[in-house]
Every structure is written in structure tokens, then in C-alpha cells.
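So you know, we letter chains A, B, ... as the sequences are listed, proteins then strands, and number each from 1.
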Amino acid sequence: MVKKKPHSENADGGTLHSADDAGKVAPVDFIRRIVIEDLAVGKNDGRVHTRWPPEPNGYIHIGHAKTVLLNCWIAQEFGGKFNLRFDDTNPEKESVEYVESIIEDVRWLGIDWEDRLFYASDYFEQLYQWAEELIRSGDAYICDLSPEEISERRGKAIREGDMVITPPGKESPHRDRSVEENLDLFRRMRAGEFPDGARTLRAKIDMTHPNLNMRDPVMYRILRTTHHRTGGEWSIYPTYDWTHGQSDSIEGITHSICTLEFENHRPLYDWYLDRLGIHHPQQIELARLNLSYTVLSKRKLLQLVEKGCVGNWNDPRMPTIAGLRRRGYTPEAIRDFVGRIGVTKAESTVDIALLEHCLRQDLNRSAPRVMGVLDPLKVVITNYPEGRTEELDAINNPEDERAGTRQVPFSDVLYIEREDFCEDPPKRFYRLSPGREVRLRYAYFITCTDVIKDSTGKIIELRCTYDEATRGGDSPDGRKVKATLHWVSAAHAIDAAVRLYDRLFTQENPLDVAEGGDWLDSLNPNSLQTLTNCKLEPSLGGAKPGEIYQFERKGYFCVDPDSKDGQPVFNRTVTLRDTWAKIKQKHEKR
RNA sequence: UAGGGCGUAGCCAAGCGGUAAGGCAGCGGCCUUUGGAGCCGUGAUCGGAGGUUCGAAUCCUCCCGCCCUAACCA
């Protein structure tokens, strides 16, 4: 029996529901439904034990976040356990760098595996013993065929005109070796007597099976490579199929959740466990996450890194957890996102706008507000006493009273955003323009009196007057202004570099390429724009890497680790919703 | 082609025979010392065709489309 009863039958319809953090009632997905039903019939003695099995062959991305979190949450919700296990059976592609990054990223997502961090390589000896067992029972044999020959005989697809034919498989000529010979050869494979690829251990199943995975799959290959954990101990390595189910079994996993592409492997997963007669977890497959305007495949992400399209795995444009973190994404936002996208078997591509929505929602309530001018335009307040400075009160976070207030210095020379001024304003532009009055946030109403240009006609300075009576930003006479601008006092400003990031691809589905094209063709050439002359309010002087601020009216910005003392570098995490940009865009299209 | 899956609004996704939840995006409006946030309003007959039924997105049949596998990768 389960102590807690987080899921219950709905009184009116029999629909299963679960309560989330906010106490709202959320429908239960098909996986949780299976778990609930298993619990109801007393399967696994009422235990729920999940695991997440990454291969350490790259950095994990937001798609992985979906499956780790799902596994972790299911364990939590049903009072079960969750393991983190590295599926490290291919030493050629794996490394400790990847192991370490994955551990860091999974932990950052807020996942706790307690003391259950495992490696498939922990089970190599047991796996080997089980392999000998299958040899003895006549269920496995040593095959001397080359990869090409094996593929050929397994029933490689053949093209006949427009038709693709999958012929039945042909048995290996080595299929009927004696147990003794098989055992001898297998031991010599282990001892390193044969060159890489010379032989394999294969399961003896059925070469005519309609599921190609059941046509005598390879269990072991000779690979005399150093493994990041077992070093030179092994000359043979088990394949994924031979490793995965048994690793689950050893750990007492009850529900082995994986992505759809492994659905075809399930019969084999079951076959091995049944032959061995050991604890048999249930494999359940769900659709992997796809996100618009990006790619979620370690292989593709590796290419972006290797070809120099991005700085590294943790480039803020990457959908990797490390990249998102550096960009300024929070674990909360990612968890919220994962909780919203659902769990199904339907192939889907989630709009990246939903991820950004989750981010904004989290940052809106947590990020302190500051003022920063990205593209400064000098403003001189002609009627403000030269050399005078006053401190004005500013609210740190209107969404959170506890965040308090701070003081911002004001003086006669300021910077405002260049795009907040327009000499000849179009219809719905209601920021500053000649003769017009606007509010400087938390400061005064100002009116533009003069526009000063250089010899090329470029505006280099504005002259304005201020209304002393509007200190703090309200006019005693009740007159209104249509716009409020952010600003920074020139004498007090600190200089900063700001990196403006945009989506990495211009195409909604980068993998949808035209004939003769390449998926890299839709890389966004403007995915990174660096500004070096930004002016920030002085309170940002001590900002530390990783901190996230809202630059009022501009967006959220995260301090990059590249920052040096007195030379902060900010990454734009995401812009604020910008209705003016939409209006402008519509006008320009006309 | 074989085998395995999937198909509910632009994008996710509830629904499990009783007459289409919710979120994101979009659009319109209210409010506003961030054109931010917030608030209100706004869209579908369920891939198609038949059938069963008083009644079907939900059951049956056929058809169509998309995805996966055809690695000594995972």
C-alpha cells in the first residue's frame, strides 16, 4: 500500500487526476496511468522505481530535461526512488567531461538521486557472466561475420524500382558452433586475442523475425579501447540492448521510461530478461521533445560546436542545459515548461514561445529591476543646476514588495535609449520627440527643446528642460504623459558590454531542408550581436556572474562569467514582450 | 516493403460512448510611473469515408498521411 494517495478517482467521471504544486488539478498522462494501475493490482510489491540513463557522449539539452524530470517526478509522486545511471557502453564516444557536465546539469535542474548514481560499466562483469549463461543454454553464439555481412544477412532493405523490399534474414554460418567452442572463443575475445571487430557474440533468436532487432542481435563486440571508467580492463563491450534491460533489472527499476525510437527494441528487452529469468521492469516509451527554431540532437549540437557555429556546448544560444543556464534561464522556468508540455506518444514540436513564456513568468516575479541604456543618446537638461546630483527612489521589483527600493542618481547630463527619440514621430510613437513631454522613470517630466547633430546629420545630443514639480514622476497638476523612459546619469553610469542573443535558426524546423540544402543553411547570422558602449546605473557595479536583472523596458539580462572587475558582460536572456515592436512591424509591412 | 507507432484549433494537450478542458501564440479591449506585468473577451465537430448505436472524437471496417527501425550508436 502507498502511504500518500496523490492520485485519485474523479467523483464524476472516473478520470484520473493529480494535484500539482499549486493545488490545481491536472489530468494524468498515460505513463502515470500505467503506474497507478500497476499499484492498484499490487505489481512490484507496490514499489515505484525509475531511472534516467544518459549516455555521456555530449551535453544534455532541454529535451533531456523533459525525460529526467518526468522520471524524477514520477518517483516522487508515488513515494518511489529515482536513479541516475550512465549508459556508458561505448567508450569511443564517451568521456568524463560529459559525465561531469551531466551530473552538474541534472543537479542544477533540482533533481536528487540521493546515493544512487550508477554506471552501466559497474555491471560489466555481471553482464559478462550472464552472457556465458546464454551461451551455455544455447541462446548465444560467436559469429565471425563482418558488420557488412551481418547487415546483409539480417535482411538489409533492397530497393527494387520504387519498391523497398525487406528480405527475410539468413542464418550465420557460425550459428551452430558447440557450446564449448563458443565459450572458448568468447573467453578469448575477452582476453583480447582477436582484433577489433573480428568477432561478435550474438543472441540466437530468429533470423526470420519481422522485427529486425530480433534477428540474432549483437551482444558484444571487440573494441580494445580505453574506457573512461574501466580503463583497459575490457577488450569487449556490451551493446545497448544487452546492457540496458539488465541494468534496469539489477537496480530494481519498475518502470523503464524511454523515448519512442526504442519501441522496436522492447521485444528484445523483454527477451533477454525472460531468458535470464531475472526481475523484469516494464519499458514504456514516450515522444521526445522537439522545439521550434532549434535542434535537439546531441549529434547535431556536437556539429555546431565542432564547426564553430557556436562558442561551445554552453554557448548561450545552445538549447543545452549549460547553454540555457548561461543565457539566464532558471531551473524553475524549465521545470514549469516541462510540466506544461505534456507526456504523450504523439510526435510534436513545441513552440519555443512557450519556453520563453515560462521564463518571463518566472523572471518577472524574481528579477530585480534596474535601468540600463543599451544604445545611449546624450541628453542635457538645460535648466537643471550643473554639477548637482540627487538620489531618487526606485522600486526594485513591483511584483515583490520585499525586494524594497534603491536610490538612483540623477544629474544634468543623462543617457536615454536612442530608439526612444524620434525627430519625426510616426502615428503611434509616443516616446520623446521635439517639443514633446515624457517622463523619466522615478525622476522628472522632461520636454525636448533642441536636437543637436554632427556634420553627417547624425543626432548626437538632445537638449531638454525638466519640470521641478514632477520629482518622482508625478505632476501635481495631474497632466499626463504618454511615455515613461529609462535613463542613466552620465556621470554615474558604469560601462558594460551586452550580448544580444536571438534564435539560432531562422527556420522554424531547421531540419526541413530543401533539396541540395543543408540544415546549417538556416543558421541565423544575427543570433549574436555584441554592444560595447552600454551605460548602466551604478547599483550594477557589484553584479556577480549568474545574476539576472530586468533592464526596465528592455528585457532580462544575465551576468556572464566572462565579466571582469569593472567590465561587466551581460547576456540578454529574453526580451520583454514588446507591443510597440509589433505595431512598428505591422506599419513597416504596409 | 516488413515490423512498430502516431493523427483533437497556428503550436502543445485534456477527453476513454452522452453531445469538444486548459496553456502558448494571434486578435480586440481595460488598466498601467516598464508600449512590462495584470485583467477581460475571442477560435475546433475531432485525418477521410462508411458502419454499430437513441447518441461516437471516443466502438468496428476500409482508406489517407506522418514518424521510427533495417548500426558490432545509444
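- If you take atom P in B/G50 and the same atom in B/G15, they sit 29 Å apart, rounded to whole Å.
- Contact annotation for A/S292: no contact, since no heavy-atom pair falls under 4.0 Å across all strands.
- Separating the C1' atom of B/U61 from that of B/G18 is a span of 24 Å, rounded to the nearest Å.
- Under 3.5 Å, the side chains of A/D241 and A/T239 contain no donor-acceptor pair of N or O atoms.
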### Message
A/Y269 vs A/H265, test: ring pair (Phe, Tyr, Trp, His ring centres under 6.0 Å). Steps then yes/no.
### Response
CA-CA 6 Å; A/Y269 181 100; A/H265 294 245; over 10 Å; no
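- Heavy atoms of A/H244 sit nowhere under 4.0 angstrom from any nucleic acid atom.
- Using cut-offs of 30° and 60° for the angle between ring planes, the A/W487 and A/F410 rings count as perpendicular.
- Looking at the side chain of A/E55, the nearest of the listed nucleotides B/C73, B/G23, B/C16 is B/C73.
- Residues meeting the salt bridge (Lys or Arg N to Asp or Glu O under 4.0 Å) test with A/R51, sequence neighbours left out: A/D248.
- Using a 4.0 Å heavy-atom cutoff across all strands shown, A/E356 reaches no nucleic acid atom at all.
- Residue A/T243 is out of contact with every strand shown, counting any heavy-atom pair closer than 4.0 Å.
- Contact annotation for A/T239: backbone-only contact, meaning every heavy-atom pair under 4.0 Å involves sugar-phosphate atoms and none involves a base.
- Out of B/U34, B/G26, B/A74, the shortest distance to the side chain of A/R221 is found at B/A74.
- Residue-environment remark: NZ (A/K300) exceeds the threshold of 12 foreign heavy atoms within 6.0 Å.
- Distance noted for atom P between B/C46 and B/C59: 15 Å (whole Å).
- For the P atoms, the distance from B/C62 to B/U19 is 30 Å, rounded to whole Å.
- Between B/G43 and B/G28, the two C1' atoms lie 13 Å apart (nearest whole Å).
- Residue A/R33 has a polar side-chain atom (N or O) positioned under 4.0 Å from OP1 or OP2 of B/G15.
- Rounded to whole angstrom, the span from the CG atom of A/N397 across to the P atom of B/G36 amounts to 16 Å.
- Non-hydrogen atoms lying under 4.0 Å from RNA chain B are contributed by nothing in residues 201-208 of chain A.
- Here A/L440 lies out of heavy-atom contact (under 4.0 Å) with every strand.
- Note: CG (A/N290) to P (B/C68) measures 10 Å, nearest angstrom.
- In terms of polar N and O atoms assigned as donor or acceptor, the side chain of A/E399 comes within less than 3.5 Å of the base of B/G36 in a complementary pairing.
- Of the candidates B/U34, B/C24, B/C73, B/U34 carries the atom nearest the A/R369 side chain, counting heavy atoms from C-beta on.
- Just one residue in the list A/I236, A/D144, A/L185 forms a side-chain contact (heavy atoms from CB on, under 4.5 Å) with A/F194, and that residue is A/L185.
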### Message
At under 4.0 Å between heavy atoms, how does the protein contact nucleotides 1-10 of chain B? Give one character per nucleotide, 5' to 3', with B, S or -.
### Response
BSBSSS----
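- In terms of phosphate contacts, A/R360 brings no side-chain nitrogen or oxygen within less than 4.0 Å of OP1 or OP2 of B/A37.
- Using the Watson-Crick or G-U wobble rule with both distances under 3.5 Å, B/G18 pairs with B/C54.
- Between A/D502 and A/R572 there is no salt bridge, since no side-chain nitrogen of the basic residue lies less than 4.0 Å from a carboxylate oxygen of the acidic one.
- Ring geometry for A/F124 versus A/Y237: interplanar angle over 60°, hence perpendicular rather than tilted (30 to 60°).
- Taking atom P on both nucleotides, B/G10 is separated from B/U53 by 34 Å, rounded to a whole Å.
- Nearest nucleotide to the A/S151 side chain, out of B/G36, B/A13, B/A71: B/A71.
- Minimum atom distance to the side chain of A/N364 is reached by B/G36, of the listed B/G36, B/C72, B/A70.
- Under the Watson-Crick or G-U wobble criterion, with both distances below 3.5 Å, B/U69 is paired with B/A2.
- Distances shorter than 4.0 Å separate some side-chain N or O of A/T89 from OP1 or OP2 on B/A74.
- Between A/F557 and A/F570, the distance separating the two ring centers is not shorter than 6.0 angstrom.
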### Message
Would A/D88 and A/S121 count as a side chain to side chain donor-acceptor pair (under 3.5 Å) here? Give the steps.
### Response
CA-CA 6 Å; A/D88 55 350; A/S121 53; 2.7 Å; yes
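- Annotation: B/C27 and B/U32 have their P atoms spaced 23 Å apart (nearest Å).
- Closest to the A/R340 side chain, of the nucleotides B/C72, B/G23, B/A13, is B/G23.
- Backbone-only engagement by A/K582 is indicated by non-hydrogen atom pairs under 4.0 Å involving sugar-phosphate atoms exclusively.
- Using a 4.0 Å heavy-atom cutoff across all strands shown, A/P398 reaches at least one base atom of the nucleic acid.
- Checking the phosphate oxygens (OP1, OP2) of B/C24, a side-chain nitrogen or oxygen of A/H357 falls inside 4.0 Å.
- Between B/G36, B/A74, B/U69, one nucleotide has an atom nearer to the side chain of A/N213 than all others, and that is B/U69.
- The number of heavy atoms from other shown groups lying within 6.0 Å of CD (A/E391) is above 12.
- Atom CZ of A/R418 has more than 12 heavy atoms from other residues, nucleotides or ligands within 6.0 Å.
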